[in-house]
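Values in this document were obtained by computation on a predicted structure and should not be read as measured data.
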Amino acid sequence: MTRDRRGFQYALEPVRSLTEWEMNDVARALASINTATDEQQDRVNNLSLCFASARSEVILQRQNQASLDIDAQRLAHTYMVQVQQQLVTEDEKLRHMQRERNETFVRLNDMRKFADSLDRDKESAAEEHDQKVAKQAYQQADDSWLQRLHWKTNRDQD
């Protein structure tokens, strides 16, 4: 049930609106960070698969060859080192993105808590306003009743 709250003005409405806008901005930023983090995770996973595949291939070649081909081993080792370095770099980027995502998530939760507290405060202030309006209405009704009673007694005395 909605009440007629004409005349009610929440003093912190500008802060509440600004918080809502900022919260929406942070939520959009978090969505972008989540997308970028997922893409980075895919890159790390692909590099891990490349490294594991290269490693398996080298092991398989060693097992199948009776004599060791030094040049092939050197090339394979160079490739594996490059992939491993890329993997380390991309993994560090991923961890940085995950930290940023976690910090943004915490910030968004803090903003939501603050916005919720403002909403509760606004509702509390509105309830106080409703009680004040109801009290004034009751007082006016009492005053009106007393005036009518006074007029009636005065008229009856005349």
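Rounded to the nearest 0.5 angstrom, Met97 CE and Glu39 CD are separated by 7.5 Å. Taking CZ of Arg16 as the start and CH2 of Trp21 as the end, the distance is 11.0 Å to the nearest 0.5 Å. The distance from the CD atom of Gln98 to the NZ atom of Lys93 is 14.5 Å, given to the nearest 0.5 Å. In this structure, Asn46 CG and Gln86 CD are separated by 11.5 Å, a value rounded to the nearest 0.5 Å. Put simply, NZ on Lys113 and CG on Leu118 are 14.5 Å apart, with the number rounded to the nearest 0.5 Å. The line from CD of Gln85 to CZ of Phe51 is 11.0 Å long, rounded to the nearest 0.5 Å.
At a threshold of 4.0 Å, the pair Asp91-Arg95 counts as salt-bridged, since one of the basic side-chain nitrogens sits closer than that to a carboxylate oxygen. A salt bridge links Glu92 with Arg99: at least one charged nitrogen is closer than 4.0 Å to a carboxylate oxygen.
Minimum interatomic distance between Val44 and Leu87 (heavy atoms only, all atoms of both residues): O-CD1, 3.6 Å. Taking every heavy atom of both residues into account, Phe8 and Lys122 meet most closely at CZ-O, 3.9 Å. Contact record, Tyr10 with Asp121: OH-OD2, 2.6 Å, taken as the closest heavy-atom pair. Contact detail for Tyr79 and Ala54: the closest heavy-atom pair is CE2-CB, 3.6 Å.
Linking Ile, Leu, Val, Met, Phe, Trp and Tyr whenever their side-chain heavy atoms come within less than 4.5 Å leaves Ile33 and Leu94 in two separate clusters. Taken together through direct or relayed side-chain contacts under 4.5 Å among Ile, Leu, Val, Met, Phe, Trp and Tyr, Val15 and Met23 form parts of separate hydrophobic clusters.
Side-chain contact check for Gln41 and Asn45: at least one donor-acceptor pair (N or O, by modelled atom type) lies under 3.5 Å. Ser144 and Arg148 share a side-chain donor-acceptor pair at under 3.5 Å.
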Decide yes or no on side chain to side chain contact (heavy atoms under 4.5 Å, CB included) for Leu108 and Thr104, but give the supporting numbers first. CA-CA 6 Å; Leu108 180 63; Thr104 304; 5.6 Å; no
Under the side-chain hydrogen bond (donor to acceptor under 3.5 Å, both in side chains) criterion, do Arg43 and Gln40 qualify, and how do the steps go? CA-CA 5 Å; Arg43 282 192 288 277; Gln40 184 66 22; 2.5 Å; yes
Under the side chain to side chain contact (heavy atoms under 4.5 Å, CB included) rule, what do Gln9 and Glu13 come out as? Steps first, then yes or no, please. CA-CA 8 Å; Gln9 291 183 343; Glu13 187 62 35; over 6 Å; no
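Here the side chain of Ser117 pairs a donor or acceptor atom with the backbone of Phe114 at under 3.5 angstrom.
With a 4.5 Å cut-off on side-chain heavy atoms, Met80 and Gln84 do not count as touching.
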